[in-house]
Enquirer: 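Would you mind keeping the following structure in view while I ask a few things?
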Amino acid sequence: MDFKGRSLLTLKDYTPDEIAYLLDLSAKLKDMKKKGVATDWYHGKNIALIFEKTSTRTRCAFEVAAHDLGLGSTYLDPSGSQIGKKESIADTAKVLGRMYEGIEYRGFGQEIVEELARHAGVPVWNGLTNEYHPTQVLADLLTVRENFGDLRGIKLVYLGDARFNMGNSLMVGCTKMGMHFVACAPKKYFPDAGLVSLCGEYAKASGGSASFTESLDEALVGADVVYTDVWVSMGEPDHVWEERIKELTPYKVTGAAMAKAKPGAIFLHCLPSFHDLDTKIGAEMGQRFGVKDMEVTDEVFLSPASKVFDEAENRMHTIKAVIAATLGDMKI
Ligand code: CP
Ligand code: NVA
């Protein structure tokens, strides 16, 4: 399987076999890391990390992965470059492509990361756009596989706003891999019809499915994985909090919701999470709307069923696999 020179902009561009290969490679690199086996195959090469939105996991995962692979890395923060303000994406891509072997981009519209990839001449990795978060879903799939041994036939229920990056990307990843994806929310939060129809095709080929319901009982019966994300994503206006809290509170992941899932079901969340009020925004929402948590209760977040920190760790192993596969010439 040859990934050399390819970008990762969305999992739509990768076949199920290619995704499975990346997960196998991630597991191998994770094992090598645990055993202290060196993987620093890329001395003398460098990657650029562009973040137009903030990050903890994705940035750290790229930086640690780069370091473990022997790569140098340059972090460009949301305000510290000319991108978009004084220099176009196309020009930025051409400049960075002369200095770096690969470019990570986190930002707003998917069309920006696609434009970057068209002009860079080196692999571009999507570290989150409004529409997609493919490296997150690779970590999610690895975590599901670690817990259940296989992906085929696993039922993953996504509670909350399924129209944004996480709902979209999970639907793509699950339907490609023979899983049953269910989005559970009020209808207006269901994903875009065009993407739903494309994922229907993936599901037909893989034996998986994608379905949508407003009923928690219907969604959660037989669920192996219960997944949620924040109700307001980066870049959305502050005023949407009120309607999201009102409309999505019935879809919060609570102990009662988990009890409707299969015994042994796990809870996943891409993080960061508002499972308590110990953050600036959490405390502000607590004051404004009288809530003590948002998309998930503290009880579920901290329960043995919650695998969110394994999932966060897996960001690094999966991102390392993506970098190594697309740079090519791995020494394994
Ligand atoms: N899950 C995720 O992408 O986290 P960060 O925003 O911290 O990178
Ligand atoms: N939907 C969230 C994901 C964060 C990792 C956001 O875009 O802010």
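Both ligands and their constituent atoms are indexed starting at 1 by order of listing.
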Enquirer: For atom 7 (O) of ligand 2, which candidate among Thr54, Asn165, Asn130 holds the nearest heavy atom?
Expert: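 The residue whose heavy atom sits nearest atom 7 (O) of ligand 2 is Asn165.
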Enquirer: Between Tyr189 and Tyr251, is the ring centre distance below 6.0 Å?
Expert: no
Enquirer: Which ligand 2 atoms are under 4.0 Å away from a heavy-atom of Met234?
Expert: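 Counting from 1, the qualifying ligand atoms are 6 (C), 7 (O), 8 (O).
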Enquirer: Taking atom 3 (O) of ligand 1 as the point of reference, which of Arg59, Arg57, His133 owns the nearest heavy atom?
Expert: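 Among Arg59, Arg57, His133, the closest heavy atom to atom 3 (O) of ligand 1 comes from His133.
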Enquirer: Is there any N or O on Arg106 that sits under 3.5 Å from an N or O of ligand 2?
Expert: no
Enquirer: For atom 2 (C) of ligand 1, what's the nearest protein heavy atom and its distance?
Expert: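 Sorting protein heavy atoms by distance from atom 2 (C) of ligand 1 puts Arg315 NH1, 3.3 Å first.
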Enquirer: So, His275 and Asp293: side-chain donor and acceptor under 3.5 Å apart, yes or no?
Expert: no
Enquirer: Testing Lys35, Lys28, Lys34 for salt bridge (charged side-chain N to carboxylate O under 4.0 Å, His left out) with Asp31, which one passes?
Expert: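 For Asp31, the salt bridge (charged side-chain N to carboxylate O under 4.0 Å, His left out) check succeeds only for Lys35.
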Enquirer: Checking a contact table here: which protein heavy atom is nearest atom 7 (O) of ligand 1, and how many Å away?
Expert: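 The closest one turns out to be Thr56 N, 2.7 Å.
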Enquirer: Between Lys33 and Glu313 (salt bridge meaning N to carboxylate O under 4.0 Å), is one present in this structure?
Expert: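 Glu313 and Lys33: not salt-bridged.
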Enquirer: Before accepting this row, confirm whether a basic side-chain N of the pair Lys246/Glu243 lies closer than 4.0 Å to the acidic partner's carboxylate O.
Expert: no
Enquirer: Does the gap between the ring centers of Phe274 and Trp241 come in under 6.0 Å?
Expert: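 Yes - the distance between ring centres of Phe274 and Trp241 falls below the 6.0 Å cut-off.
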Enquirer: Is it the case that Arg59 places NZ or CZ above or below the six-membered ring of Phe51, under 6.0 angstrom from the centre and within 45 degrees of the axis?
Expert: no
Enquirer: At a 4.0 Å threshold, what atoms of ligand 2 neighbour a non-hydrogen atom of Leu128?
Expert: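 Reading through ligand 2 atom by atom, the close ones are 3 (C), 4 (C), 5 (C), 7 (O).
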Enquirer: Tell me which one of Thr297, Val296, Ile245 satisfies side-chain contact (heavy atoms from CB on, under 4.5 Å) with Lys252.
Expert: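 Only match with Lys252 under side-chain contact (heavy atoms from CB on, under 4.5 Å): Thr297.
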Enquirer: Which one of Gly160, Ser273, Cys270, Ser233 has a non-hydrogen atom at the shortest distance from atom 6 (C) of ligand 2?
Expert: Ser233
Enquirer: Of all the atoms in ligand 1, which lie at a distance below 4.0 Å from a heavy atom belonging to Thr58?
Expert: 2 (C), 3 (O), 5 (P), 8 (O)
Enquirer: Mind checking whether Phe3 and Tyr14 have parallel, tilted or perpendicular rings, split at 30° and 60°?
Expert: parallel
Enquirer: For ligand 2 and Leu271, I'd like to know whether there is a polar contact (N/O to N/O, distance under 3.5 Å).
Expert: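 Leu271 vs ligand 2: no N/O contact under 3.5 Å.
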Enquirer: Out of Asp229, Thr129, Thr56, whose heavy atom sits nearest atom 1 (N) of ligand 2?
Expert: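 Among Asp229, Thr129, Thr56, the closest heavy atom to atom 1 (N) of ligand 2 comes from Asp229.
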Enquirer: Less than 3.5 Å between some nitrogen or oxygen of Cys270 and one of ligand 1, yes or no?
Expert: yes
Enquirer: For ligand 1, indicate whether the residue Leu271 contacts it via side chain, backbone, both or neither (heavy-atom separation under 4.0 Å).
Expert: backbone
Enquirer: Is there a heavy atom of Thr58 sitting under 4.0 angstrom from any atom of ligand 2?
Expert: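 Thr58: no contact with ligand 2 (<4.0 Å).
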Enquirer: May I ask you to establish whether Lys53 and Phe108 are in a cation-pi arrangement, using a distance under 6.0 Å from NZ or CZ to the six-membered ring centre and at most 45° from the ring axis?
Expert: yes
Enquirer: Give me the residue, atom name and distance of the protein heavy atom closest to atom 6 (O) of ligand 1.
Expert: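 Closest protein heavy atom to atom 6 (O) of ligand 1: Arg106 NH1, 2.9 Å.
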